[in-house]
Every structure is written in structure tokens, then in C-alpha cells.
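The shown structure was predicted, so the numbers you read here are calculated from the model rather than taken from an experiment. Remember, it's 1-based here, ligands and their atoms both numbered in the order they're listed.
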Amino acid sequence: MNSESKLRLPPGQQLVAPGKWPIIGEREPANPLQLQNEWIVSVKGCVEKANSFSLQELQQMPITRQTIDIHCVTRWSKLGVAFEGVRLIDLLQFARPTSAAKYVSFISHSTRGHSTSLSLATAIKQETLIAWAADDRPLGVDHGGPIRNIVPGRYFYKSVKWLTRIELLEVDRLGFWEAESGYHNEADPWREQRYLASTLDRRAVAELIASNDFSGKNLLGILASDRQMPSLNARESLLRNANFDRSDLQSADFRRANLSNASLQYAILRNANLQAADLEGANFTGADLRGANLLQCSLIGSSFFDPQVGWETGAKIDINTRIDESVIAPLFPQQFAYLDQKCRELSLFKS
Ligand SMILES: Nc1nc2c(c(=O)[nH]1)N[C@H]1C(S)=C(S)[C@@H](COP(=O)(O)O)O[C@H]1N2
Ligand SMILES: [Mo]
């Protein structure tokens, strides 16, 4: 990485491999048959004149090309994507927000009613773009085409795919991830505003750990480092941003759990079952993964060694670790190199 890229990389982020752009979250809009030509973006709420615009109409407005750095909360960054679109401020000339408009909600045409919001002042200051093209190509459907919003300088969850409505609000309305998953509402990557603080108090945590049963529970940000929790049942539990550093989790059941951005450094995960778990952005530096099952899990943005130190901090795997090539493919280049080599030494990839 050159020094300019380093300066552009917020704390805790790593670069995706050149040319790669991961697809995160939903993969298609509610009605994938809706064609480019029929797509409408409406502007509503606290405005003098509610309005709707087709893609063609948007493209008749002053067009802005803006090169921005993408930073996903699951720790991958992609620098220098040239987006083309109309700036929110230019679009709002037509709808004219009233003095009551303090927030703006970007609503997606998605089956789960996905949305996100920002204060109107932030959205304008960050030069939010209503975009239809990236790097000179129309946005693909999986990346939010035909139209998405782009908020430079915020984690990418503030940029919704398949934008269908912009609503000006007097009172904020939390977006999908912000409400469901405890994602931080400010989302400034330079301040690492990834998640809200955990709401679990010490006593609740102590009781949970004593029960050895986390299954199906929402335990965002739980602090469970330096604990003895062999055979923990954490099946399908929500453990985003949890901290399990150095804990004994041998034979734990994490099947289908969500451990995105969790820290599991030097955790003992011998024979643990992580099958189909969401491990995006999770940190396994120094973890003991001998005999662990990592089949079908999602590893975008996760780490298996500390790049500041070297491979000697690497997670341990052995011949009984279950993993395959497609699972490790989305890793950052450096992280991929480590795990790929270890897996090959042990002939873990069966063909
Ligand atoms: N409608 C919709 N928009 C969304 C999401 C989603 O799941 N649904 N995920 C968000 C998140 S967390 C990220 S990182 C980016 C991912 O965009 P990409 O798939 O084009 O990389 O979209 C954001 N906007
Ligand atoms: Mo994200």
C-alpha cells in the first residue's frame, strides 16, 4: 500500500483486492423486474413541493462526478470509485425543504423496507449524491442500480441501494441496520462509529455466561473476554462487535450466529462449530481453530493474523479444521495469503 492510500484508510479498515467490490446485504430490490426506465425516485415529507423523478429526469439536472472512498463497517475499504449522479442539494432545489426539515431518510425499494437516515445538515455537508453510475458504468443491480444514494465520508450503510424515496423529516427515523443491528447513527469511519455501546450490564453478562446459553439472543457488543465457556451454545445468536478475546470456547456451537466485527483474538475455538456464521470483519488473530468448522461462513473483512506483527500471530488450524476455498476467497489479500498457505500445507481443500 502506498503512503497516500494509508492516509486515506480510516482506523481498523483494510483495502479490498484491486478491482474487487464486495456485495453486502440485500442482493436485489423487491421487484427485480422493475426496469431502469420505470424507476422513480420521489421526494416527500417536509417539502414545499413533493416531486417524483425518473432516471431520465434526474440525468437532466446538473450532473456531478465525484470520486469517493468506500468504507464498509465490516472493515473493507475500496478507494477512489468515480460515482456519477445529481447532488442531493441540487435535487432539493426542486422540492424545497421547509424549515421543519431536520433529517433526511433514504428509502430503498426492498422487501424488508430497508432505509437509512442522516441529519439534513450532515447529508448536505458530506455532499450526498443520488448516483446511477460508478467508474463510467451504470450501477449494476447488485450494487443498487439503477439508482442509489452515496454518502461520502460515512460507513457505506448510509448509502442505500435501489433508492426509491427521499423523505424529509422533522424527527429522525432510524434506518434498518441502525434499528435492527445497533449500527451507529453517525457512522463516521474516522471516529470508528461502527456500533452503539452494548446495553448489557455486568450482572446480565455474568448470568448469561453462567447459563452457558447464548442461543438466539441479541447480545450486541457483549464483553466476554477471558472467560471459561467450553461448549457454549451460541447457535443463531447475534454477537456483532462482541469481545471473546482469550476465552475458552472449545466445542462451542456458533452455527448461523452473527459474529460480524467480533473480536476473538487468542480465543480457544478448538472443535467449535462456526458453520454458516456471519464472520464479516471478525478478528481471529492468534485464535486456536484446530478442528473448528468454518464451512459456509462469510469472511469478508475478517482477519487471521495481525499484519502489524506478522504470521507468527496467525490463527492455528490443523488437518481437522473444516474450511474450503470459496470460504476464504473474499478475504483481504494479505489475510488470504496466510490462510491459503496454511490450508494448502494441510491439504484442506478437497476437490
Ligand atoms: N437496500 C439496501 N441498501 C443497502 C444495504 C442493504 O442490505 N440493502 N446494505 C448496506 C451496507 S451495510 C453496505 S456496506 C452497502 C453495500 O453496498 P454494495 O453491495 O454495493 O457494496 O450497501 C448498504 N445499503
Ligand atoms: Mo456495510
Side-chain angles (χ1 to χ4, degrees), residues 10 12-17 19-32 34 39 41 68-85 104-118 123 126 128-135 137-167 173-189 192-195 220 238 240-241 258-262 278-282 298-302 330 332:
Q13 297 293 113
Q14 296 186 54
L15 292 180
V16 288
K20 278 206 182 175
W21 182 356
I23 297 162
I24 304 288
E26 296 175 296
R27 293 182 165 248
E28 54 176 33
N31 180 0
Q34 206 149 0
W39 201 271
V41 176
I68 77 135
D69 296 340
I70 296 174
H71 307 299
C72 175
V73 70
T74 59
R75 299 179 187 274
W76 59 266
S77 293
K78 179 175 174 61
L79 304 183
V81 184
F83 285 99
E84 184 182 293
V104 54
S105 178
F106 298 97
I107 297 148
S108 166
H109 184 59
S110 100
T111 36
R112 65 183 182 208
H114 197 100
S115 72
T116 194
S117 70
L118 291 159
Q126 298 301 127
T128 299
L129 201 63
I130 311 306
W132 53 76
D135 291 337
R137 258 168 280 159
L139 279 175
V141 170
D142 41 11
H143 287 307
I147 303 173
R148 75 182 296 166
N149 76 310
I150 294 290
V151 184
R154 289 293 177 269
Y155 285 125
F156 209 33
Y157 59 86
K158 290 293 179 182
S159 301
V160 302
K161 309 198 262 193
W162 320 297
L163 178 70
T164 185
R165 196 160 84 237
I166 299 171
E167 209 172 319
R173 186 200 296 142
L174 282 187
F176 180 86
W177 291 121
E178 293 88 337
E180 291 282 307
S181 313
Y183 281 23
H184 201 292
N185 202 25
E186 302 295 327
D188 182 346
E192 282 213 79
Q193 292 171 324
R194 297 178 199 271
Y195 296 93
L220 169 79
L238 300 176
R240 289 186 179 85
N241 211 33
N258 189 323
L259 283 157
S260 49
N261 278 316
D278 182 344
L279 307 176
E280 293 177 4
S298 162
L299 291 179
I300 297 171
S302 29
F332 296 121

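- Closest protein heavy atom to atom 9 (N) of ligand 1: Trp177 NE1, 3.5 Å.
- At the shortest separation from atom 2 (C) of ligand 1 among protein heavy atoms lies Glu26 OE1, 3.3 Å.
- Polar contact with ligand 1: absent for Ser110 (N/O pair, distance under 3.5 Å).
- Using a 4.0 angstrom heavy-atom cutoff, His109 does not count as in contact with ligand 1.
- Salt-bridge annotation for Lys158 and Glu178: present, with a side-chain N of the basic residue lying under 4.0 Å from a carboxylate O of the acidic one.
- The protein atom (non-hydrogen) at minimum distance from atom 14 (S) of ligand 1 is Cys72 SG, 3.4 Å.
- For ligand 1, the polar-atom distance check against Trp76 finds no nitrogen or oxygen pair separated by under 3.5 Å.
- Note: an N/O pair closer than 3.5 Å links Ser159 and ligand 1 by distance alone.
- Residue-to-ligand polar distances keep Gly25 apart from ligand 1: every N/O pair is separated by 3.5 Å or more.
- Residue, atom and distance of the protein heavy atom nearest to atom 19 (O) of ligand 1 are Lys161 NZ, 2.7 Å.
- An N or O contact shorter than 3.5 Å links Ile24 to ligand 1 by distance.
- With hydrogens left out, the protein atom closest to atom 22 (O) of ligand 1 is Arg148 NH2, 3.3 Å, a heavy atom.
- At under 3.5 Å, not a single nitrogen or oxygen of Tyr183, backbone or side chain, sits near a nitrogen or oxygen of ligand 1.
- Ranking the protein heavy atoms by distance from atom 11 (C) of ligand 1 puts Tyr157 CA, 3.8 Å first.
- Of the heavy atoms in Phe176, none comes closer than 4.0 Å to ligand 1.
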